[in-house]
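The structure under discussion appears below in the form of structure tokens.
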Amino acid sequence: MTSRLSRILLAGVFALGVASTVTVADAAERMGVVVKIGGIPWFNAMEAGIKQRGKELGVDAFMVGPTSADPALQVRAVEDLIAQGVDVIGVVPNDAEVLEPVLQRARDAGIKVITHESPKQKNADWNFELASVNGFGDAYGKMLADKLGGKGKYAVFVGSLTVPLHNAWADAAIAYIKKNHPDMELVGDRYGVAENVDESRKTALDLMRAHPDLKGFLAFGSQGPIGAARAVSERRKGGEIAVLGPFSPGQGKRLVHDDILTGGFMWNPMEAGKVFVTLGDMLAKGQEIKDGMEIPGLGVVHPDFQERNIIVDQLVELNKNTVDKLADLGL
């Protein structure tokens, strides 16, 4: 009886060991992407892309959306992913410098790190962009100048004063306007409110009161154009004050059709989500990024190996003719 019981127990242990081995061997790569803030349409679309591409590649990919655009919350989220032992961490930084130490800790733990909207990010394996700084900034500078007839006052919003890419776009747009349209005047410097609808609305109302002759808002940050447009609508200034910036088509389409939100350019955040997973899967498998290679979602790439940037231009114009189709895609 004892001998028979021993054989049963040994068989059970062996079976458990085999099952454990299979589970480990078949375990999917795990990738967590920490975005600026959760629950807003732009990052909801990015999450859909992350999940879709993860399913296609067999990667356990998921998004972490902090409750506010607080850099400390992103640091905490990355620390949690390190503790979970994920294979890849993706981040859309609110503050590139604040994240540097925790991203280094992730890399020290053998975790691959990918960022987006953060060119020259330190302690990342790669950063990718679907729009170049000059291409995006110049396009907005030209569009705003066209809408204002090359004259008048305008204000610039960014997500925060510490978001590298938003401020780089603003720099490029302002430089383009100064060079080509000297009769246009920037009000103040820039306002770090464009990741919050209410703050953007309030700031826009304050600026319109302080500058009755204000003619345009240029907002880099997905909630900035929406908030500024709502302020323009409240003041019944639709058609008189231009509002430009990247925004979620589903969130902004009614304002576009009502001639309140003028339009702009964007890239597809769903595609950005897919690229996160594609690059993460490549890095986790030890695949080398090479000049001239074709990467799904990016096309043929020419990486900057010194700065660790992969930058392409895939701009989509936002206007009455495109916004409904883009919204129907879930953007």
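Keep in mind the model is a prediction, meaning the values are calculated, not measured. Below, all heavy atoms of this structure are taken into account, side chains as well, without hydrogens, waters or symmetry copies.
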Side-chain donor/acceptor of H166 to backbone N/O of G159, under 3.5 Å | yes
Hey, what's the ring geometry for W126 with F305, parallel, tilted or perpendicular (30° and 60° as the breaks)?
-> perpendicular
Nearest atoms (heavy-atom pairs only) where F128 meets A272 | CZ-O, 3.4 Å
Closest contact, heavy atoms only, E195 versus G221 = OE2-CA, 3.9 Å
Is any side-chain heavy atom of V163 less than 4.5 Å from a side-chain heavy atom of D95?
-> no
Test item: T203 side-chain N/O and S200 main-chain N/O as donor-acceptor pair under 3.5 Å = no
Once you round to the nearest 0.5 Å, how far does CE of M31 lie from CG of D60?
-> 11.5 Å
With V156, the side-chain contact (heavy atoms from CB on, under 4.5 Å) member among V187, N167, L186 | L186
Are M270 and I295 grouped together when hydrophobic residues (ILVMFWY) are joined by side-chain heavy atoms under 4.5 angstrom apart?
-> yes
Minimal heavy-atom distance between E29 and G280, with the atoms involved, is OE1-O, 4.5 Å
With sequence neighbours excluded, tell me which residues meet salt bridge (charged side-chain N to carboxylate O under 4.0 Å, His left out) with E100.
-> none
With R76, which residues qualify under side-chain hydrogen bond (donor to acceptor under 3.5 Å, both in side chains), at least two apart?
-> none
Close side-chain approach of F276 to V88, heavy-atom, < 4.5 Å = no
In terms of hydrophobic clustering (I, L, V, M, F, W, Y; side-chain heavy atoms under 4.5 Å; direct or indirect links), are I111 and V92 co-clustered?
-> no
With sequence neighbours left out, write down each residue that passes salt bridge (charged side-chain N to carboxylate O under 4.0 Å, His left out) with K112, or none if nothing qualifies.
-> none
Residues passing the salt bridge (charged side-chain N to carboxylate O under 4.0 Å, His left out) test with E185, sequence neighbours excluded, are none
Give, for atom CG of N127 and atom CD of E117, the distance between the pair rounded to the nearest 0.5 Å.
-> 9.0 Å
Heavy atoms of K285 and D281 approach each other most closely as NZ-OD1, 2.6 Å
Whether T162 side chain and A96 backbone form a donor-acceptor pair below 3.5 Å | no
Measure the shortest side-chain to side-chain distance between N319 and V256 over non-hydrogen atoms and say whether it is less than 4.5 angstrom.
-> no
Tell me the side-chain hydrogen bond (donor to acceptor under 3.5 Å, both in side chains) pairs involving residues 241-257, sequence neighbours left out?
-> Q223-Q251, H257-D324
May I ask you to decide if H116's main-chain N or O and E129's side chain share a donor-acceptor pair within less than 3.5 Å?
-> no
Answer yes if the ring centres of F265 and Y140 are under 6.0 angstrom apart, and no otherwise.
-> yes
Would you call E56 and K274 a salt bridge, taking side-chain N to carboxylate O under 4.0 Å as the test?
-> no
Below 4.5 Å, heavy atoms only, C-beta onward: do L255 and F247 meet side chain to side chain?
-> no
What residue pairs, at least two apart or across chains, pass side-chain hydrogen bond (donor to acceptor under 3.5 Å, both in side chains) with a residue in residues 235-246?
-> none
Kindly say whether A229 contributes a backbone atom to a donor-acceptor pair with the side chain of S233 at under 3.5 angstrom?
-> no
Considering residues at least two apart in sequence or located in another chain, which fulfil the side-chain hydrogen bond (donor to acceptor under 3.5 Å, both in side chains) criterion with D198?
-> none
CG on D213 to CD1 on I241, rounded to 0.5 Å = 9.5 Å
Pair I89-V78, side-chain contact (heavy atoms from CB on, under 4.5 Å): steps then yes or no = CA-CA 7 Å; I89 292 176; V78 173; 4.0 Å; yes
V35 reachable from V86 in the ILVMFWY side-chain graph, under 4.5 Å edges | no
Under 3.5 Å, side chain of D258 to main-chain N/O of I260, donor-acceptor pair present?
-> no
What is the minimum heavy-atom distance between Y154 and L148, and which atoms define it?
-> CB-CD2, 4.4 Å
CG of D291 to CD1 of I310: how many Å apart, nearest 0.5 Å?
-> 10.5 Å
Quick one: salt bridge (charged side-chain N to carboxylate O under 4.0 Å, His left out) partners of K290, sequence neighbours excluded?
-> none
hydrophobic_cluster_shared for V193 and L73, side chain cutoff 4.5 Å | no
How about R107 and Q104: do any of their side-chain heavy atoms sit closer than 4.5 Å?
-> yes
Quick one: pull up CG in D206 and NE2 in H211 and give me the separation to the nearest 0.5 Å.
-> 10.0 Å
With sequence neighbours excluded, tell me which residues meet side-chain hydrogen bond (donor to acceptor under 3.5 Å, both in side chains) with N44.
-> none
With side-chain contact (heavy atoms from CB on, under 4.5 Å) as the test, would you mind laying out the steps for I82 and V102 before giving the verdict?
-> CA-CA 9 Å; I82 294 171; V102 74; 4.1 Å; yes
Could you check M293 against M282 for side-chain contact (heavy atoms from CB on, under 4.5 Å), going step by step and ending with a plain yes or no?
-> CA-CA 12 Å; M293 76 185 306; M282 291 175 67; 3.7 Å; yes
May I have the step-by-step check of salt bridge (Lys or Arg N to Asp or Glu O under 4.0 Å) for E234 and R230, ending in yes or no?
-> CA-CA 6 Å; E234 287 180 39; R230 289 178 182 175; over 6 Å; no
One should read off an interatomic distance between K51 NZ and M46 CE, to the nearest 0.5 angstrom, of 14.0 Å
Of all residues at least two apart in sequence or in a different chain, which pass the side-chain contact (heavy atoms from CB on, under 4.5 Å) check with D183?
-> K151
Sorted by first residue and then second, give each side-chain hydrogen bond (donor to acceptor under 3.5 Å, both in side chains) pair with at least one member in residues 77-88; sequence neighbours left out.
-> R30-Q84, E79-R105, D80-Q84
Check: R201 side chain, A231 main-chain N or O, donor-acceptor pair, under 3.5 Å = no
Sub-4.5 Å side-chain heavy-atom contact between N123 and V113 = no
Distance-minimising heavy-atom pair for G252 and L261 | O-CD2, 4.0 Å
With side chains defined as the heavy atoms from C-beta onward, is the minimum distance between M184 and L144 less than 4.5 Å?
-> yes
Report whether V64 and V275 are members of the same hydrophobic cluster (ILVMFWY, side-chain heavy atoms less than 4.5 Å apart, transitive linking).
-> no
Does K178 have any side-chain hydrogen bond (donor to acceptor under 3.5 Å, both in side chains) partners at least two apart in sequence or in another chain, and if so, which?
-> none
Do L207 and Y191 touch side chain to side chain, with heavy atoms closer than 4.5 Å?
-> yes
Spell out, as yes or no, whether a donor-acceptor pair under 3.5 Å connects the side chain of Q121 to the backbone of I114.
-> no
So, does D313 use its side chain to make a donor-acceptor pair with the main chain of A131 at under 3.5 Å?
-> no
